[in-house]
J.: 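My structure is below; once you've seen it, I'll send some questions.
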Amino acid sequence: MWQQDAIDKIEAKRTAARMGGGEARIEKQHAQGKLTARERLAFLFDPGTFQEMGAWIESRCMDFGMEKKRVPGDGVVTGYGEIGGRLVFASSQDFTVSGGAGGEEYAYKICDALQMAIDARAPFIMLNDSGGARIQEGIASLAGFSKLFALNTLASGLIPQIVAIMGPCAGGASYSPAICDFIFMVDKTSQMYLTGPQVIKSVTGEDVTVEALGGAAVHASKSGVAHFVYPDDESCLSGVKRLLTYLPQSCEQAPANVPGKPMDLCRGLPEVVVENHRLGYDVRAVIGAFVDKRSFFEVHKDFAMNIVVGLARMDGDTVGVVANQPRYLGGSLDYHAADKAARFIRFCDCFNIPLITLVDVPGFLPGKEQEYAGAIRHGAKMPYAFSEATVPKICLILRKAYGGGFGAMNGKSMSADVVYAWPIAQIAVMGAAGAVNIIFRKQIQEAADPEAERARLIAEYEQTFMNPYVAAARGFVDEVIHPEETRARLAGALRMLKNKKVQRPPKKHGNMPL
């Protein structure tokens, strides 16, 4: 028989690991509306499947009183299990242990789990709730996180990497989530920042006004760092689980087919997208008309709202959708929209997700602010990403397809496999009014009735040059279709392209205009 004290020691170690920073700190975590590190993992993984790794690892730091703060697990829980029956690896930072601050062994545990995910070709999820690097460990702490950045980069495009920020994520530790594919945040309780959670905005007499930095709302709408925001831990983790259902295990597979209810509401689309090009509409109504019922999962919903991107299903297969949004800025592209779209396009290409592009774009947003912000550099990311992508690419022109904006949205000449257009589509360098004002300026000035002559020339230009039949006659559009045929044509093209394979010239990598 084994001695009882040996068995008791195992249980004592397990209990110490489970308790993290102790009952008082666990209660404080709950009082803030936050789950603990282990409660989050229990919610995320299928019941009884999570297997912890490195539960007894402790910090080797003995300076600055750290020998009294050592706990089994070192403030982060790592391991693997099943989510929806699929193998997934994860790390979960424990804020109850020294504010979740990470040191050398802490980072080693996360790196070890991520390396196993790479080797197993399985998704990796990080649940972050940490004040940043452990100052007491100095360079050893920084070295540990630097190794994590390198592994995140190695895993990029190989396996899906998803991060949920569920408390603070401070300093250089923010770079790890930024390298990953998707970032979730919890409203009110999560923050990301490099230099501090707030800055002094103004000083008046004895009053100091501070501006909060790094909250979920800021990163969802202004910086574009966060892709999804949820009101609490449970809904955030449910969002992570939903996202996983659209993704493959790795780049070596296609996403699993998830049967749903096919939708075909395309007969009503002429009531959504009216012929008057000056009237806006919500392009999400177009998307919802042809994808499987309630399958559209929008990404970056509150950032660069002049373009809509997201994952959906058609006949159970995952597709990526990139669509101009006429409700905002008339659907014009700007530098933020280009960044948002290009990153999403590249993600879809990494993980074998076909792309559907819906075009209604008057061009790039003009103005000094856009030019000074590098609209050329940022805008070039979209044609680069589309041209680089080898997945099936289908383009549907709804209304306007003007100038460089259309070029960025992946027309036939650039790289689209199939291009459809509705009968009201207009494809040109610019709108008819602008073109006529340039081409026929002198003729209009000399006319007896300049306004009548301008109107006549605009109508003539539209009829002669801007209708989709001109583009179709040149092979730039494969077919002009009725709106009610939209789902049938898109679904048919996806089936035709299902086994598409592309061989590119060998090279180390391209040089994207970052």
Side-chain angles (χ1 to χ4, degrees), residues 8-45 47 50 52-79 90-110 125-137 141 144-145 163-171 173 184-193 196-198 212 214-216 230-237:
D8 291 344
K9 189 172 184 179
I10 291 175
E11 292 307 313
K13 284 280 190 181
R14 287 178 174 174
T15 299
R18 283 195 300 268
M19 292 304 296
E23 288 186 8
R25 291 187 177 178
I26 291 174
E27 289 176 5
K28 186 175 181 180
Q29 184 92 340
H30 289 161
Q32 295 174 339
K34 297 162 62 178
L35 299 176
T36 66
R38 293 176 183 277
E39 288 168 343
R40 289 165 178 160
L41 291 170
F43 187 95
L44 184 64
F45 282 86
F50 184 73
E52 188 172 353
M53 303 186 303
W56 293 355
I57 287 177
E58 296 182 3
S59 170
R60 292 184 290 178
C61 181
M62 305 296 284
D63 301 313
F64 309 106
M66 286 297 293
E67 71 279 1
K68 299 176 183 178
K69 298 180 180 180
R70 296 169 68 198
V71 296
D74 200 28
V76 63
V77 184
T78 59
S91 65
S92 184
Q93 298 173 346
D94 189 349
F95 193 78
T96 71
V97 179
S98 300
E104 181 182 16
E105 299 302 315
Y106 178 112
Y108 162 79
K109 286 182 63 178
I110 301 175
I125 297 172
M126 295 193 294
L127 308 180
N128 287 16
D129 190 358
S130 166
R134 194 175 291 159
I135 299 171
Q136 295 89 338
E137 295 194 29
S141 176
F145 279 98
V163 185
I165 309 298
M166 312 195 80
C169 182
F184 289 72
M185 293 188 76
V186 181
D187 194 23
K188 311 299 183 189
T189 58
S190 61
Q191 310 90 34
M192 292 181 75
Y193 46 84
Q198 57 187 30
Y230 287 89
D232 51 47
D233 281 15
E234 291 90 344
S235 59
C236 181
L237 295 170

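Since we're looking at a predicted model, the values are computed, not measured. In what follows, every heavy atom counts, from backbone to side chain, and hydrogens, waters and symmetry copies are set aside.
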J.: One thing to verify: whether R38 and E52 come together as a salt bridge, which I'm taking to mean a side-chain N less than 4.0 angstrom from a carboxylate O.
T.: yes

J.: Using a 4.5 Å cut-off on heavy atoms from C-beta on, say whether the side chain of M166 contacts that of S190.
T.: no

J.: Looking at every non-hydrogen atom in both residues, tell me the closest pair between V77 and F50 and how far apart they are.
T.: CG1-CE2, 4.1 Å

J.: Atom CE in M126, atom OG in S92: separation rounded to 0.5 Å?
T.: 11.5 Å

J.: Kindly give the heavy-atom pair with the smallest separation between Y106 and G75, and that separation in Å.
T.: CE1-O, 3.3 Å

J.: Taking the side chain as every heavy atom from C-beta outward, state whether V97 and R25 have any pair of such atoms under 4.5 Å apart.
T.: no

J.: Which class fits the ring pair Y230 and F184: parallel under 30°, tilted 30 to 60°, perpendicular over 60°?
T.: parallel

J.: Which atoms form the tightest heavy-atom contact between F95 and G131, and what is the distance?
T.: CE1-N, 4.5 Å

J.: Report the C-alpha separation of D129 and Q29 in whole Å, then their side-chain angles, then the decisive distance to 0.1 Å, and conclude whether the side chain to side chain contact (heavy atoms under 4.5 Å, CB included) test is met.
T.: CA-CA 11 Å; D129 190 358; Q29 184 92 340; 3.0 Å; yes

J.: Nearest 0.5 Å please: distance from the NE2 atom of H30 over to the CD atom of E23.
T.: 11.0 Å

J.: Taking all non-hydrogen atoms of both residues into account, name the closest pair between G215 and M185 and its distance.
T.: C-CE, 4.1 Å

J.: Give a yes or no on whether the backbone of G54 and the side-chain of K109 come within a donor-acceptor separation of less than 3.5 Å.
T.: yes

J.: What's the spacing between M192 CE and C169 SG if we round to 0.5 Å?
T.: 4.5 Å

J.: How long is the straight-line distance from SG of C236 back to CZ of F43, given to the nearest 0.5 Å?
T.: 10.0 Å

J.: What do you reckon, is OH of Y108 surrounded by more than 12 foreign heavy atoms closer than 6.0 Å?
T.: no

J.: For residues I125 and L44, determine if any side-chain heavy atom of one lies less than 4.5 Å from a side-chain heavy atom of the other.
T.: yes

J.: Is it the case that atom CD in Q32 sees more than 12 heavy atoms from other parts of the structure closer than 6.0 Å?
T.: yes

J.: Is any side-chain N of the basic residue among R40 and D233 closer than 4.0 Å to the acidic one's carboxylate O?
T.: yes

J.: Report yes if some heavy atom in the side chain of I165 is under 4.5 Å from a heavy atom in the side chain of V186; otherwise report no.
T.: no

J.: Supply the atom-to-atom distance K34 NZ to K28 NZ, rounded to the nearest 0.5 angstrom.
T.: 9.5 Å

J.: Do D94 and T96 get their side chains close enough for a donor-acceptor pair, meaning under 3.5 Å?
T.: yes

